[in-house]
Peer 1: 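Pasting a structure below so you can have a look.
We count ligands from 1, going down the list as the structure has it; atoms in each ligand are counted the same way.
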Amino acid sequence: MNENLAYKKKTVYEKASKDTVKAAFEYAEDYKKYLDGGKTEREALKLSVAMAEAHGFREYRIGDKISAGDKLYYNNRGKNLFVFSVGTESINDGIRITAAHIDAPRIDLKQCPLYEDGGMGFFKTHYYGGIRKYQWVATPLALHGVIALQSGKVLEINIGEDESDPLFYINDLLPHLGREQAKLPLAEGIKGEQLNVLLGSIPDGEENSVKMNILSILNEKYGICEEDFLSAELCVVPAAKARDVGFDRSLIGAYGHDDRVCAYPALTALLESTDSAHTLMCILADKEETGSDGPTGMQCDLMLDIIDELAKNLGGNSAAIRANSKCLSADVSAAYDPNFPDVFEKQNTPLLCCGAVFTKFTGSGGKSSTNDANAEYIGWLRSILARDGVVWQAGELGKVDCGGGGTVAKYISKHNIETIDLGVPVISMHAPYEVISKVDLYEAFRAIRAFYKY
Ligand code: MN
Ligand code: MN
């Protein structure tokens, strides 16, 4: 029997060298720091800019001159980043693009958030992205974001990350009184308007009001008044830090692996790709979790504007550049979970530790609303990944009729750019604390390195 006849999925531990596994564990250490320092798109962007600058990249503004060899980044409103290096080959040969997102599901404050009830002060919230609401109660939370004042000054808020900081909290019902709640479907057990964030309990001396006391504290500390919340973007995120999971420390538990587990390898791969003749681009997008709308989401035309500028400056043609470009839409997939076998079709579901995942199409039943990568493109990817011995697998998000999901792939491929989804399998995706495998993270990095190189 010829052993090569049948395709067999194997783990990175079986297929890759001991050195590669060791390198994966080392790579994971800096990834954990990136997770802890970048819990919102604004914070992840700041970290990413610092990393790019440390590698010699400088800020670009639309209209600036661009030349071969330039290493540039475009900061779109502090939430969406384009990092790109101009190669030596003709710009009409296309751009190697990766696009990951740096926003993650969380709980945003409403614009008039503050109130008190029952002797407690609270913030009213409106959740961001696809959260399972019951997972966000009775767990330590932190407050991150900005308050833009009328003066033009922007205050940065980050409370709950330092050990000495206070935390925030969303109340849950005690089981003793939860008989009726326990009968509700999971999605209705906690409702959106119950996701109110606990802020304090000391009444102000004169007004005898907890709300007034909180406003006094905020005024003293930040110089703000209640009206300033109208122009704020404040997010409630899990306070937990990224930690190794398991006796063998092979896994990482953290908030926001989706999609920093792809953003980080996409960015670091580009920063290390000084050996490439291609023009390279890494896009870190915002608003993926809410549909990629708005000026910082991938449905915005900014990518086209930057390609136009590259064409203008380098003597190329935008349409030709796009026609010859290739893209990895770098986003996560759901790993097979033996706790929930009913929703997975095991043969086509990514398995933990089996490497980077290529998802030919996303969407839901009947392949609706999705990019569907061309076989020829996947054939080319197979060839370059084989050259570098990258361990990868094909994956589809669960059983055909169980649900579905999308990525930014379709917003890039619609511009005539060859695109496929590449990512890392995740356990408990969109939960406040998700789990990924260190070797899968590193194979995603190695896959993107090969993509930028060949
Ligand atoms: Mn994602
Ligand atoms: Mn997501």
Side-chain angles (χ1 to χ4, degrees), residues 31 34-35 38-41 44-45 48 79-81 97-108 127-133 135-136 187 235 237-238 242 252-267 282-294 296-299 327-335 337 343 349-350 352 356-364 369-371 373 395-398 402-413 419-437 440-441 444-445 447-448:
Y31 171 57
Y34 185 82
L35 285 168
K39 289 190 177 180
T40 63
E41 59 277 1
L45 178 135
S48 305
K79 298 172 170 183
N80 163 219
L81 186 68
I97 303 167
T98 60
H101 65 93
I102 48 176
D103 62 320
R106 62 171 184 246
I107 297 174
D108 284 347
Y127 56 94
Y128 175 95
I131 66 165
R132 312 195 83 191
K133 298 175 197 98
Q135 295 176 335
W136 292 73
C235 318
V237 296
I252 302 173
Y255 163 65
H257 282 308
D258 176 12
D259 183 34
R260 286 155 206 146
V261 75
C262 299
Y264 185 77
L267 178 63
C282 169
I283 306 171
L284 302 181
D286 178 32
K287 295 289 180 286
E288 193 278 340
E289 296 294 357
T290 56
S292 297
D293 299 292
T296 54
M298 273 317 295
Q299 294 205 61
C327 177
L328 296 179
S329 160
D331 208 344
V332 298
S333 188
D337 189 338
V343 299
T349 290
L352 212 63
V357 190
F358 281 95
T359 304
K360 190 173 183 299
F361 50 87
T362 59
S364 53
S369 199
T370 179
N371 172 62
E396 189 172 331
L397 188 77
C402 269
T407 67
V408 299
K410 63 180 176 177
Y411 305 123
I412 296 169
S413 59
T419 305
I420 189 170
D421 281 293
L422 160 93
V424 172
V426 177
I427 295 281
S428 308
M429 193 198 297
H430 284 204
Y433 213 63
E434 305 170 317
V435 169
I436 61 104
S437 142
D440 292 338
L441 162 70
F445 166 77
I448 297 166

Peer 1: Check whether the ring centres of His257 and Tyr264 lie less than 6.0 Å apart, and answer yes or no.
Peer 2: no
Peer 1: Is the distance between the Mn ion (ligand 1) and the nearest N/O/S atom of Cys262 smaller than 2.8 Å?
Peer 2: no
Peer 1: So which N/O/S atom does Glu289 have closest to the Mn ion (ligand 2)?
Peer 2: OE2
Peer 1: Calculate the angle formed at the Mn ion (ligand 1) by NE2 in His101 and OD1 in Asp331; 10° precision is enough.
Peer 2: 100°
Peer 1: If you define the side chain from C-beta out and look only at heavy atoms, does anything of Tyr34 sit under 4.5 Å from Ser48?
Peer 2: yes
Peer 1: Do Lys287 and Lys79 have side chains that approach each other closer than 4.5 Å (heavy atoms only, starting at C-beta)?
Peer 2: yes
Peer 1: Taking the N/O/S atoms of Asp258 one by one, which is nearest to the Mn ion (ligand 2)?
Peer 2: OD2
Peer 1: Counting only heavy atoms not in Tyr127 (residues, nucleotides, ligands), do more than 12 fall under 6.0 Å from its OH?
Peer 2: no
Peer 1: I'd like to know if Glu41 pairs up with Arg106 as an ion pair, taking the criterion as any Lys NZ or Arg NE/NH1/NH2 lying under 4.0 Å from an Asp or Glu carboxylate oxygen.
Peer 2: yes
Peer 1: Checking one value in my table: which N/O/S atom of His430 lies closest to the Mn ion (ligand 2)?
Peer 2: NE2
